[in-house]
Amino acid sequence: MLPRGTHLEDQAPEEDMNPQRRDVLALLVQNQNDQMMQIHQMLARRRRRRQRNVWVRDWITRRPEQGLYDRLMVELRNEGPRSFQNFMRMPPDMFDEIVQRLTPRLTKQTTNFRVPLDPGMKVAITLRHLASGAKYHDMQYAWRVPHNTISKVVREVCEAIIEEYLEEQMSPPTTEEGWRQLSDDWYQRWNFPHVVGAVDGKHVACKAPPNSGSEYYNYKGFFSVILFAMVTSDYKFLWVDVSGNGSASDAQIFNNSELKEGLENNTIRGWPQPDPLPGDNQNVPYFLVGDDAFSLRTYMMKPYGARNLDRDYRIYNYRLSRSRRVVENAFGILANRFQVLLSTMQHHPDTVRLIVKACVLLHNLMRTRYPVLQNRLLDVQDPNGNVQPGAWREGRNLEDTRVVQAPNRASKEGKLQRNLLRHWCNSPAGAVPWQDEMVYVNI
């Protein structure tokens, strides 16, 4: 073996070598030259790959003349506002507002290589993806924007929506008067006192994240993240948590949330102090309403779970379900308007969570700007208490999360409070005229 750093050419002259050694050295020199040639060829191939034959493809350059944004959307705006609304899932005025407010965050500098996408086009592409759930590879031809660019645009716009609208559209009250107003709205609309919100969770399907095992795999048989939310009486999301993975349950997410911590420790800013129910004189805490997944506490009321209940228990369950149904309607409206939530998202979980947050904020914005526009989707109750299912129930909906029940989860104070509410619902002070007709009573 030659000493390290020694070149073959530096060896003794050929006349001083025997023929056998000379042949070996010649073979080594040839091998070394062949290796150097292979390295040069590989580097040349890499350089050729980096050189783009076409900087912008011809079909992309015709975007202003034939793309959806510059042609179809202009036609829809001028000739069919209702069609524009169906295409973007919002009226033109709301679309213009979003574009105007996001433009400072979405505007990029023009360079010598290319002109950046117009902020309005970025918003339109993102809203269409949220509304339809179409894949980027399918969208690129109609919009004439490459799929890898669309993937960056959607994330950029969703981040801008969250930054611009989060504080405005999803900020809980910070004063006792604000929380009491939420409770008054619940009582006026749904005849149940001291409620400040209804909570529930839904699965949002996504592709299996790499190296995640069964962490995202839910009991329904697909991979998902969980949208856990608290809603107000008018179907707006007041607080959401999208940190949960598919294998978790509502109770797990709620128990690990800052919401429960604040309720347990009484650290939620402005949370109202207990006061009497309407027509009563005994102080009762304010609370959320949920299903059997949650532990019964003074801050969380849920139905009685036993079968063959007596009349007053059934009436309480019915009255509570009228309030809890609001969160189901809110999820139904959200998913039917933004059907990307009903698809299996081909994104990284962080991007899925980003998209879900943006959809929730756009939903709240819609409820704020056009509260009547979405009412066709809602369950409707006539003066006799009969419920007419909303349009959201006719299509696909988000899958429910798993209900995990455990024994002895109810606190003593929670049981006493639920019994007090049951008596109030059956008393002259709290009864509604149609409640007996809504339950089956065996006399």
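We use all heavy atoms of the structure for the numbers below, so side chains are in, but hydrogens, waters and symmetry mates are not. Position 1 is the first residue of the sequence; numbering continues from there.
With sequence neighbours excluded, the residues satisfying side-chain contact (heavy atoms from CB on, under 4.5 Å) with T232 are L182, D234, K236, L238. Remark: V432 engages N191, R319, W434, Q435 in a side-chain contact (heavy atoms from CB on, under 4.5 Å) (not counting sequence neighbours). The side-chain contact (heavy atoms from CB on, under 4.5 Å) check on D280 picks up L277, Q282, L420, with sequence neighbours excluded.
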D241 and S257: side-chain hydrogen bond (donor to acceptor under 3.5 Å, both in side chains), yes or no, with the steps?
CA-CA 8 Å; D241 185 329; S257 70; 5.4 Å; no

How far apart are the C-alpha atoms of V360 and H363, what are their side-chain angles, what is the distance that settles it, and do they pass the side-chain contact (heavy atoms from CB on, under 4.5 Å) test?
CA-CA 5 Å; V360 167; H363 166 92; 5.5 Å; no

Between K260 and N256, is a side-chain contact (heavy atoms from CB on, under 4.5 Å) present by the stated rule, with each step listed?
CA-CA 7 Å; K260 192 211 173 168; N256 295 327; over 6 Å; no

T267 vs E261, side-chain hydrogen bond (donor to acceptor under 3.5 Å, both in side chains): CA-CA, chis, key distance, verdict:
CA-CA 8 Å; T267 56; E261 181 182 356; over 6 Å; no

side-chain hydrogen bond (donor to acceptor under 3.5 Å, both in side chains) assessment of Q181 paired with D185
CA-CA 6 Å; Q181 182 60 54; D185 293 340; 3.0 Å; yes

Go through Y318 and D436 one step at a time and tell me if the side-chain hydrogen bond (donor to acceptor under 3.5 Å, both in side chains) criterion holds.
CA-CA 10 Å; Y318 161 70; D436 283 293; over 6 Å; no

What's the verdict on side-chain contact (heavy atoms from CB on, under 4.5 Å) for S233 and Y187, showing C-alpha distance, side-chain angles and the deciding distance?
CA-CA 9 Å; S233 62; Y187 184 60; over 6 Å; no

Set out, in order, the CA-CA distance, both residues' side-chain angles and the distance that settles salt bridge (charged side-chain N to carboxylate O under 4.0 Å, His left out) for E97 and R101, then state yes or no.
CA-CA 6 Å; E97 176 198 332; R101 293 185 58 170; 3.6 Å; yes

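The cationic group of R422 does not satisfy the cation-pi geometry with Y316, failing either the under 6.0 Å distance to the six-membered ring centre or the 45° limit from the ring axis. Geometrically, R89 does not engage F338 in a cation-pi contact defined by less than 6.0 Å to the ring centre and at most 45° from the axis.
Surrounding CD of E167 are at most 12 heavy atoms belonging to other residues, nucleotides or ligands under 6.0 Å away. More than 12 non-hydrogen atoms from other residues, nucleotides or ligands lie less than 6.0 angstrom from NZ of K220. No more than 12 heavy atoms of other residues, nucleotides or ligands shown are found within 6.0 angstrom of CD on E258.
Checked against the 6.0 Å centroid threshold, H347 and Y136 count as a close aromatic pair. Taking the six-membered ring for Trp, F237 and F331 have ring centres closer than 6.0 Å.
Of all non-hydrogen atoms in V352 and C206, the two that sit nearest each other are CG2-CB, 3.9 Å. The two residues A330 and V231 have their closest heavy-atom pair at CB-CG1, 3.9 Å. The two residues V289 and M300 come nearest to each other via the heavy atoms C-SD, 4.1 Å. For the pair L76 and S83, the tightest heavy-atom approach, listed with the atom from each and the gap, is CD2-CB, 3.7 Å. Taking every heavy atom of both residues into account, G270 and W179 meet most closely at O-CD1, 3.1 Å.
Taking OG1 of T126 as the start and NE2 of H129 as the end, the distance is 8.5 Å to the nearest 0.5 Å. Here the straight-line distance linking atom CG of L309 with atom OH of Y304 works out to 9.0 Å at 0.5 Å rounding. Atom-to-atom distance recorded for N78:CG and F84:CZ is 10.0 Å, nearest 0.5 angstrom. Atoms CG and CZ, on L130 and R337 in that order, are 12.0 Å from each other to the nearest 0.5 Å. One finds the CZ atom of R324 at 5.0 Å from the CG atom of D291 (value rounded to the nearest 0.5 Å). Atom OG1 in T103 sits 10.0 Å away from atom NZ in K122 (nearest 0.5 Å).
Side-chain atoms of N329 come within 3.5 Å of backbone atoms of R325 as a donor-acceptor pair (strictly under, hydrogens ignored). Using modelled atom types, no side-chain atom of K357 and backbone atom of I162 make a donor-acceptor pair closer than 3.5 Å. Under a 3.5 Å cut-off, the side chain of T149 and the backbone N or O of V145 do not form any donor-acceptor pair. Checking side-chain atoms of S212 against main-chain N and O of E215 turns up no donor-acceptor pair under 3.5 Å. Between the side chain of R297 and the backbone N or O of G414, no donor-acceptor pair lies under 3.5 Å. With hydrogens and angles ignored, the 3.5 Å screen pairs no side-chain donor or acceptor of R269 with any backbone N or O of T175. Side-chain atoms of E163 never come within 3.5 Å of backbone atoms of A160 as a donor-acceptor pair (strictly under, hydrogens ignored). Although no hydrogens or angles enter the test, the distance criterion places no donor-acceptor pair under 3.5 Å between the side chain of D275 and the main chain of N283. A donor-acceptor pair is defined here as one N or O able to donate and one able to accept, closer than 3.5 Å; no such pair exists between the side chain of H203 and the backbone of L398. Listed for the Q346 side chain is a donor-acceptor partner under 3.5 Å among the backbone atoms of T344.
With respect to the salt-bridge test (charged N to carboxylate O, under 4.0 angstrom), the residues R369 and E168 qualify. At a threshold of 4.0 Å, the pair R180-E176 counts as salt-bridged, since one of the basic side-chain nitrogens sits closer than that to a carboxylate oxygen. Looking at E164 and R105, a side-chain N of the basic residue comes within less than 4.0 Å of a carboxylate O on the acidic one, giving a salt bridge.
Under the 4.5 Å side-chain criterion, counting only non-hydrogen atoms from C-beta, R77 is in contact with F95. A 4.5 Å side-chain heavy-atom check between K302 and R418 finds at least one atom pair inside the cut-off. Residues P193 and W186 are not in side-chain contact: their nearest non-hydrogen atoms beyond the backbone lie 4.5 Å or more apart. Using a 4.5 Å cut-off on side-chain heavy atoms (C-beta onward), I98 and L365 make contact. A heavy-atom distance below 4.5 Å is found between the side chains of V225 and Y216. Between D70 and R144 there is no side-chain heavy-atom pair separated by less than 4.5 Å. Taking 4.5 Å as the limit, every side-chain heavy atom of K202 sits out of range of all side-chain heavy atoms of I226. At a threshold of 4.5 Å between non-hydrogen side-chain atoms, the residues P64 and Y69 do not count as touching.
Q169 and T368 share a side-chain donor-acceptor pair at under 3.5 Å. Between the side chains of Y235 and N364, no donor-acceptor pair is found at a separation under 3.5 Å. Side-chain polar atoms of T401 and D250 form a donor-acceptor pair below 3.5 angstrom.
Classified by interplanar angle (parallel below 30°, tilted 30° to 60°, perpendicular above 60°), the ring pair Y299/F254 is tilted. Note: H147 and H137 have parallel aromatic rings, judged against thresholds of 30 and 60 degrees for the angle between ring planes. Taking the six-membered ring for Trp and thresholds of 30 and 60 degrees, F287 and H194 have ring planes inclined between 30 and 60 degrees apart.
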